[in-house]
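As the structure lists them, so they are numbered: ligands from 1, and atoms in each ligand from 1. Bear in mind that the values here come from a model prediction, so they are computed numbers and not experimental data.
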Amino acid sequence: MTDLRDSFFSSAPTLKARAPGRIEFIGNHTDYNGGEVLGAAIDRYVTAELALREDQRIRLMSSLSERVVDLSMDAVEPQSGEDSWANYPLGVFTVLRNSGIEFERGFEIYFDSDLPLGAGLSSSAAIELATLEALCAQAGVELERSQRVLLAQKAENDFVGVPCGMLDQAVSCFGNPDQLVHIDCAQVRFASVPMPSGYHFWIFNSQEKHSLVDSLYAERNRECKAALAALQGEYPQWKQLVDASPEVIETLLADQPALRRRAQHVVNEHRRVQECLKALAAGDMDRVGELLYASHDSSRDLFENSTPALDGLVDSLRGQPGVCGARLTGGGFGGAAMALTTAAFKNDHAQAIVDQYRNNRPAAPEPAVIHVQTGEGSGVLLR
Ligand code: GLA
């Protein structure tokens with residue numbers, strides 16, 4: 001692959017940026033409902049190496065494919081099929097340009113990654129942030145971190161067409177080693193929360209994904225908006241779904257059971273994030289673990305974004321020595337479960353979880369296990 005990289009560049013790259021993947025620690029589907037979320041950047045990254053061109057072309061390549069996406073800067077169109085990954089960097093270029101940043105010359109970017117794709121670790125936000133860091137550094141523009149987050153989210157919303165919230169981009173941008181990122185999505189505020197020392201993250205990627213994952217995500221987003229609109233009929237002061245009271249949801253949405261379940265999940269999950277912050281501050285890791293399991297159960301029963309594979313993995317993890325808590329991480333409908341463990345949890349224990357899971361689901365693909373640490377937020381590595 002190094003040969004492909006070398007032959008891809010027309011001139012030597014002049015800068016390198018990178019951005020991490022993320023774990024959604026707790027706060028499932030709360031972000032686009034004005035709620036709070038806790039996430040962690042992980043020590044797996046997408047890197048973007050950039051070389052300027054003499055002409056007006058944009059050329060993009062990733063270590064995962066031999067194809068080059070090559071188009072004119074003035075005719076940037078969404079790509080499809082095998083090239084659709086390029087919509088993340090193209091979307092970022094488009095929103096930066098629309099925000100007034102000038103790009104006089106074309107450029108080439110080569111992407112590499114040690115972050116598994118499609119595992120619920122948000123490789124897409126990592127590509128967006130790595131591109132944004134590289135392009136801003138090239139243009140000599142320094143944006144506030146919060147602006148970087150909102151522009152990357154806009155690229156995903158408007159160009160890629162996924163109505164996501166700001167969780168993935170915020171964690172990839174604001175992450176720090178040994179810290180969680182706390183996001184208040186209504187206030188657009190970001191803070192670091194110390195991770196208690198001695199705790200570890202294990203990712204169990206189910207390697208299974210619903211074929212309609214993107215449209216199911218968009219459907220949940222629409223259901224949340226519909227639930228809010230129904231509640232606002234009586235309570236116009238509620239601006240976001242997380243403002244609603246559980247009791248009112250129960251009665252006002254009694255005749256719309258799917259909307260009622262979605263709203264209950266979001267409101268309770270938002271409260272779990274707040275409780276989790278208190279438990280972390282008090283060092284009460286048993287309570288943190290309970291909240292992680294409660295979050296998973298709520299995804300399974302109320303938001304219905306879990307899968308038999310994710311439920312199977314979390315059930316195998318429940319109550320195991322060294323496992324503090326576990327839940328699906330990210331949008332759901334496939335992808336990965338994450339476990340928060342003590343240092344006593346080792347590779348052999350992870351393998352035992354996989355074996356138990358496979359005994360229960362012999363036809364399922366073998367889950368891929370990764371032990372990750374907290375990582376560093378996006379930035380430029382070399383100029
Ligand atoms: C995906 C989205 C995020 C967030 C999570 C669910 O990761 O990109 O914005 O909505 O799902 O919490």
Atoms of ligand 1 close to Gly27 [distance to a heavy atom under 4.0 angstrom, numbered from 1]:
12 (O)
Counting both backbone and side chain atoms, is some N or O of Tyr32 under 3.5 Å from an N or O of ligand 1?
no
Does Phe333 reach the side chain of Leu212, with side-chain heavy atoms less than 4.5 Å apart?
no
Arg22, portion touching ligand 1 at heavy-atom distance under 4.0 Å
side chain
Please list, in number order, the atoms of ligand 1 under 4.0 Å from a heavy atom of Glu24.
5 (C), 6 (C), 12 (O)
Considering only protein heavy atoms, which is closest to atom 8 (O) of ligand 1, and at what distance to one decimal place?
Asp168 OD2, 2.5 Å
Do Leu280 and Met285 come close enough that some side-chain heavy atom pair is under 4.5 Å?
yes
Any nitrogen or oxygen of Gly165 lying under 3.5 Å from a nitrogen or oxygen in ligand 1? Just yes or no.
yes
Under 6.0 Å between the ring centres of His371 and His200?
yes
Is the shortest N/O to N/O distance between Gly331 and ligand 1 below 3.5 Å?
yes
Note: ligand 1 atoms sitting under 4.0 Å from heavy atoms of Asp31 are 3 (C), 4 (C), 9 (O), 10 (O)
Would you say the rings of His29 and Phe303 are close, in the sense that their centroids are separated by under 6.0 Å?
yes
Proximal atoms of ligand 1 relative to Tyr217 (non-hydrogen, under 4.0 Å):
1 (C), 2 (C), 3 (C), 4 (C), 9 (O), 10 (O), 11 (O)
Using ring pair (Phe, Tyr, Trp, His ring centres under 6.0 Å), reason through Phe107 and Phe93 one step at a time and then give a plain yes or no.
CA-CA 11 Å; Phe107 55 84; Phe93 167 73; 5.7 Å; yes
Look at the aromatic rings of Phe345 and Trp202 and report parallel, tilted or perpendicular, splitting at 30° and 60°.
perpendicular
Can the ring centres of Tyr32 and Tyr217 be said to be less than 6.0 Å apart?
yes
